[in-house]
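Below: one structure, written as structure tokens.
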Amino acid sequence: MRTPIVAGNWKMNKTVEEARSLVFSMSLGLREIKGVEKVLCPPFPALLAVSALLQGTDIGLGAQNLHWEEKGAFTGEVAPAMVAEFCQYVIIGHSERRAYFGETDQTVNQKVHAALAHDLTPIVCVGETVKEYESGRTGEIVRRQISLGLAGVDPAKAAGLVVAYEPIWAIGTGKASSGENANAVLADYIRPVLAELFGVETAQAIRIQYGGSVTAANAEEFFSQPDIDGALVGGASLKKDEFVAIARAASKS
Ligand code: PGA
């Protein structure tokens, strides 16, 4: 049995003050939900403040990115040890980072190795564009992203990975995939390629989230699918009631 994991990707939203009040408003509701791993991923400047608020709770903290080098002349970047000071999780290879900041399967791979070396749980994002979807290339794309992004990962550590399947056409568009369609991508392509890399047993242990326009209204449709183990939530994670309801839906799955 895999424990579902629901993570809120706040993207470039919330000042420290705003982050504090959002966490304050949702933490009680989240703490009441059991049987689900709950994770908040605020922007870097808010990590310190949010980590203080989450002390002593069962709510995890994640960063939205990290650099793979330990330290040095990398202006504007954040090293794995700096992330690990506050966080247990880190989102890697989000499609916005791939599209706007030049991330590739190779840099994703370097970041995954760096995160694991610092005992961070990587949430590795994969997903196809609308063009790739329409031309029937979803399987090919996600298989490539997984096999290159996770290349060389120690199979003994792989069970702790989290993969987020996020079709790009569903992110921030209000046009979520259907539960069935998303589950088929996980079952037909993602878990099989994980099995090729790490063996069947480990592939069965790896949590795979769905992401892309998940809301309180559609969460159950995803969580009732056998291969979907939670969600990576963007827009709806900024709304207290929505995010708590999504986490609650996962606890019932
Ligand atoms: P969305 O974003 O829920 O706003 O579609 C999901 C994501 O980008 O992780």
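Just so you know, ligand 1 is whichever comes first in the structure, and atom 1 is the first atom listed for that ligand. This one's a predicted model, so the numbers in the text were calculated from it and none came from an experiment.
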side-chain contact (heavy atoms from CB on, under 4.5 Å) between K11 and L238: does it pass, once the steps are laid out? CA-CA 10 Å; K11 307 193 179 184; L238 299 168; over 6 Å; no

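Residue pairs meeting the ring pair (Phe, Tyr, Trp, His ring centres under 6.0 Å) criterion with at least one member in residues 170-229, sequence neighbours excluded, are Y210-F222.
The only member of Q145, E128, Q209 that meets side-chain hydrogen bond (donor to acceptor under 3.5 Å, both in side chains) when paired with Y165 is E128.
For a heavy-atom separation below 4.0 Å, the residues in contact with ligand 1 are N9, K11, H94, E166, A170, I171, G172, G212, S213, L232, V233, G234, G235.
Considering only heavy atoms from C-beta on, V6 comes within 4.5 Å of F243 through its side chain.
In the model, H118 has a side-chain atom that pairs as donor or acceptor with a side-chain atom of E70 under 3.5 Å.
Under the 4.5 Å side-chain heavy-atom criterion for Ile, Leu, Val, Met, Phe, Trp and Tyr, I228 and I146 are members of the same hydrophobic cluster.
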